[in-house]
There are 2 protein chains.
Amino acid sequence: MNTIGSRHRSLRDETVDELRRLILSGEVEPGERLSELSISERLGVSRLPVREAFRRLEAEGLLKSIPRRGVRVVELDSHELAVVREVRMALEVIAVNKTVQRNDPEVMQALRNSLERGRKAVDEDDREALSGLNEEFHELLAEGAGSHFLSETLRAVRNQAHHLVGGVSAAVGPSWEEHSAIIRATVDGDAELAAMLMRRHLADRHAHQGGTSPA
Amino acid sequence: MNTIGSRHRSLRDETVDELRRLILSGEVEPGERLSELSISERLGVSRLPVREAFRRLEAEGLLKSIPRRGVRVVELDSHELAVVREVRMALEVIAVNKTVQRNDPEVMQALRNSLERGRKAVDEDDREALSGLNEEFHELLAEGAGSHFLSETLRAVRNQAHHLVGGVSAAVGPSWEEHSAIIRATVDGDAELAAMLMRRHLADRHAHQGGTSPA
DNA sequence: GAAACCAGAACTGGATACAACATCCTGCAT
DNA sequence: ATGCAGGATGTTGTATCCAGTTCTGGTTTC
């Protein structure tokens with residue numbers, strides 16, 4: 001019962017992706033202890049790729065390893081959450097700035113394209129397409145900065161943020177408007193405006209989702 | 001006799017540290033390809049810890065893995081370098097802000113203590129001690145923010161920055177003055193000043209070290 | 001009945017052996 | 001020289017094995 005496809009990419013990478021998905025989707029809960037054996041059986045691979053995946057996700061901050069006691073899914077407290085959000089905001093702003101600065105024609109074309117598809121999706125009230133576009137949005141901006149390092153770091157930070165607000169949060173509805181505004185500013189070359197909108201965008205999301213409610 | 005003192009650390013962690021040192025010190029060069037076997041022989045461990053270390057350092061961005069062709073030490077171009085520096089600056093500023101904000105007595109005491117030792121080291125012209133203090137400086141501020149996530153991310157970013165300016169750069173002499181100014185602002189609770197000094201500090205270092213020199 | 005204790009199961013950390021394959025490299029034939 | 005066959009090397013993944021540690025459940029003791 002091979003859970004992962006038979007022969008695509010390296011098993012290691014598949015394992016990393018699948019395990020990351022399990023964590024982010026909440027199928028394995030924060031604080032839960034993961035054993036090499038159970039995961040390897042669950043994913044239908046041997047222990048070694050699982051061990052390698054553990055190291056990778058440990059470095060990404062999704063798992064924490066305790067010597068001789070294996071790994072567990074991290075739980076972040078509210079202070080950690082605040083830091084993650086602040087870091088994310090800083091990095092997203094850097095990304096959007098760099099994107100404007102580089103002004104890569106290919107990226108700009110992709111952004112305009114995304115904008116157009118967004119307009120259409122709004123007209124047709126295609127919520128699924130919008131959800132995909134929202135995913136694509138941050139992906140494009142990270143990539144647009146032209147830095148592998150920044151993309152990877154941002155992905156890790158986003159995963160942290162996403163993880164601790166409770167997995168698959170559905171509140172993606174009202175954000176396309178903000179996204180499209182940021183994209184417009186970006187393709188217009190107005191870095192300052194784009195950065196400001198990005199900051200407000202992230203601040204809004206935080207206010208909606210996590211709040212500053214320490215009981 | 002620290003918390004993890006008595007029990008010897010895992011071979012895996014030793015391997016990660018040693019391999020990281022090899023990379024940052026330049027003993028293995030950027031672009032160089034590393035084979036599991038050669039590293040395992042060089043470090044006197046089996047291939048398994050090496051493989052896990054590869055995954056870890058890959059996630060940290062010091063190694064890049066190419067399917068079926070193993071890993072090689074990353075080389076960053078000047079654009080990547082600029083991004084790394086910008087990210088570092090943003091994160092260091094967040095760290096110093098959070099440190100002031102938390103105002104942890106223990107951390108503040110450690111900072112004051114560091115300040116005092118720095119003064120003494122300057123008086124006695126103890127360059128070695130100063131070098132250690134400069135290391136300690138960033139370490140303390142990252143830790144002071146009270147976020148494991150931020151410390152780890154910052155360490156990775158610093159390694160990137162350190163790595164690509166050519167390993168063991170010796171130019172740590174004139175920076176204690178700036179460091180101590182930042183510490184003073186921090187213990188005084190002046191986050192704005194501390195952040196500003198931090199920004200200038202990093203900008204200065206970059207101007208000194210990084211020029212736009214290709215080879 | 002609850003706490004302390006202890007044997008054994010389960011698990012991690014590490015080392016090998018081995019198979020399957022992809023890539024690199026070398027030498028031979030053209 | 002050129003190109004290619006085929007071996008050498010290296011990565012990737014599986015399967016075992018083992019030592020040491022932690023966890024678990026049952027038994028003994030107070």
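Sequence lines set the chain letters: A, B, ... in the order given, protein chains first and strands last, and positions in each chain run from 1.
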Between the protein and nucleotides 5-7 of chain C, list every N/O to N/O distance that falls short of 3.5 Å.
none

Might you work through the side chain to side chain contact (heavy atoms under 4.5 Å, CB included) test for Glu60(A) and Arg20(A), ending with a clear yes or no? CA-CA 10 Å; Glu60(A) 283 186 21; Arg20(A) 185 162 36 216; 2.6 Å; yes

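Judged by distance alone, the side chains of Ser131(A) and Asn134(A) never bring a donor and an acceptor atom under 3.5 Å apart.
Taking the ring pair (Phe, Tyr, Trp, His ring centres under 6.0 Å) definition, one finds that Phe137(A) meets it with His179(A), sequence neighbours left out.
Applying side-chain contact (heavy atoms from CB on, under 4.5 Å) to Val71(A) and the options Arg55(A), Glu32(A), Glu36(A) leaves one that passes, Arg55(A).
For Arg12(B) and dG13(C), the shortest distance from a side-chain N or O to OP1 or OP2 is below 4.0 Å. Within the structure, a side-chain polar atom (N or O) of Arg55(A) is placed less than 4.0 Å from OP1 or OP2 of dG13(C). Contact check, Arg33(A) against dC23(D): a side-chain N or O comes under 4.0 Å of OP1 or OP2.
Taking 4.0 Å as the cut-off between side-chain N and carboxylate O, Glu152(A) and Arg56(A) count as a salt-bridged pair.
One atom, CZ of Arg51(A), and another, P of dT12(C), lie 9 Å apart when rounded to the nearest Å. Summarising the geometry, the separation between CZ on Arg72(B) and P on dC24(C) is reported as 13 Å, rounded to the nearest angstrom. Taking atom CG of Asp13(A) as the reference point, atom P of dT11(D) lies 15 Å away to the nearest angstrom. Here dG13(D) presents its P atom at 14 Å from CD of Glu52(B), a figure rounded to the nearest Å. Rounded to an integer number of Å, the gap from Arg9(A) CZ to dA22(C) P is 17 Å. Regarding Ile66(B), its CD1 atom lies at a distance of 11 Å from the P atom of dT23(C), rounded to whole Å. The separation between Leu63(B) atom CG and dT11(D) atom C1' is 15 Å, rounded to whole Å. The nearest whole Å value for the distance from the CG atom in Leu43(A) to the P atom in dG13(D) is 13 Å.
Comparing dT12(D), dT22(D), dG13(D) against the side chain of Glu36(B) picks out dT12(D) as the nearest. Closest to the side chain of Leu37(A), from the set dC17(D), dC11(C), dA15(C), is dC11(C). Out of dA19(D), dG13(D), dG14(C), the shortest distance to the side chain of Arg68(A) is found at dA19(D).
Annotation: side chain of Gln160(B) is not in contact with side chain of Arg85(B) (no heavy-atom distance under 4.5 Å). Contact of the Met89(A) side chain with the Arg199(A) side chain is registered, since non-hydrogen atoms from C-beta on lie closer than 4.5 Å.
At the heavy-atom level, Arg47(B) lies under 4.0 Å from base atoms of the strands shown.
Mapping Leu48(B) and Leu34(B) onto DNA chain D by nearest heavy atom places Leu34(B) closer to the 5' end of the strand.
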